[in-house]
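The model shown is predicted, which means the values in this text are computed figures rather than measured ones. Proteins come first, then strands; the chains are lettered A, B, ... in the order of their sequence lines, and each starts at number 1.
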Amino acid sequence: MVRQLAYHEIHEIFARFQAVEPEPKGELDHVNAFTLLVAVALSAQATDAGVNKATRALFAAVDTPQKMLALGEEGLTEHIRTIGLYRQKARNVIRLSQILVDSYGGEVPSSRAALQSLPGVGRKTANVVLSMWFHHPAQAVDTHVFRVGNRTGIAPGRDVEQVERAIEDHVPAPFQKHAHHWLILHGRYICVARKPKCGICPIRDLCLYEEKTL
DNA sequence: ATCCCGAGGG
DNA sequence: CCCTCTGGAT
């Protein structure tokens, strides 16, 4: 496993991320907590661009669990057919909407346990909603964060929870809030999975990737 | 560990 | 063609 970078190195890395993008936002379109939850649930193994294309028309008409139930599973399936895993996702979103109406007054719950009890909502999706909407200090570790954390030495770990903890323990407090989005953006546009663009990487001199592979 | 699944990129 | 994309449930 890659070694853990030192505190001052990680501080410098995030200072550079901040200089490039001072207020990083998620790139999943949404208009409220419910549509955020649905968009994140739909984004599993899919690109944000693909999800946004499908939810643009959907969220214009459907922005509450009640309206989602009125649309129905078949109607929802038509909207999201272009997204991977669409059958399971349609079924989960309809079941989830029913639970929100039945048990949470049509609102999105703000506790991790309640969120993760919803069908199709696991640790990662719950963390995104908790941090993005409810401003809780939760670190969502997805494929990008996991890859970048391990490659660079910012947050190495064998599994998601180890990487989560490494971020909590080693990313300086002032950068915690936006760490998730900075790591996502870095992973999406520079530290890409297949062929990382080290030639244009702003943190190349601090990263452990080439040291490890060469 | 495996399944679910389509779109886009290389 | 093959791989990857802000995973979750079994």
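Where A:Lys195 and A:Lys89 each meet DNA chain B at their nearest nucleotide, the meeting point lying more 5' is that of A:Lys89.
Straight-line distance between the P atoms of C:dT6 and B:dT2: roughly 24 Å, to the nearest whole Å.
Contact footprint of chain A on DNA chain C: nucleotides with an atom under 4.0 Å from a non-hydrogen protein atom, first to last in 5' to 3' order, C:dC3 to C:dA9.
With hydrogens and angles ignored, the 3.5 Å screen pairs no side-chain donor or acceptor of A:Gln88 with any backbone N or O of A:Leu85.
Among the protein residues, A:Val192 comes within range of no part of the nucleic acid, since none of its heavy atoms lies under 4.0 Å from any strand.
Across the protein-nucleic acid pair, A:Gln45 atom CD and B:dG8 atom P stand 17 Å apart, rounded to whole Å. Whole-Å rounding puts the A:Arg87 CZ to B:dG6 C1' distance at 11 Å. The distance between atom CZ of A:Arg91 and atom C1' of B:dC5, rounded to the nearest whole Å, is 13 Å. In this structure, A:Gln88 atom CD and B:dC5 atom P are separated by 6 Å, rounded to whole Å. Atom CG of A:Leu85 and atom P of B:dC4 are 10 Å apart (whole Å).
Ion pair A:Arg165/A:Glu161 not flagged as a salt bridge, since none of the NZ, NE, NH1 or NH2 atoms sits closer than 4.0 Å to an Asp/Glu carboxylate oxygen.
Distances shown here put a side-chain N or O of A:Lys53 below 4.0 Å from the OP1 or OP2 atom of B:dG8.
Take A:His178 and apply the ring-ring contact (aromatic ring centres under 6.0 Å, His included) test, not counting sequence neighbours, and it matches A:Trp182.
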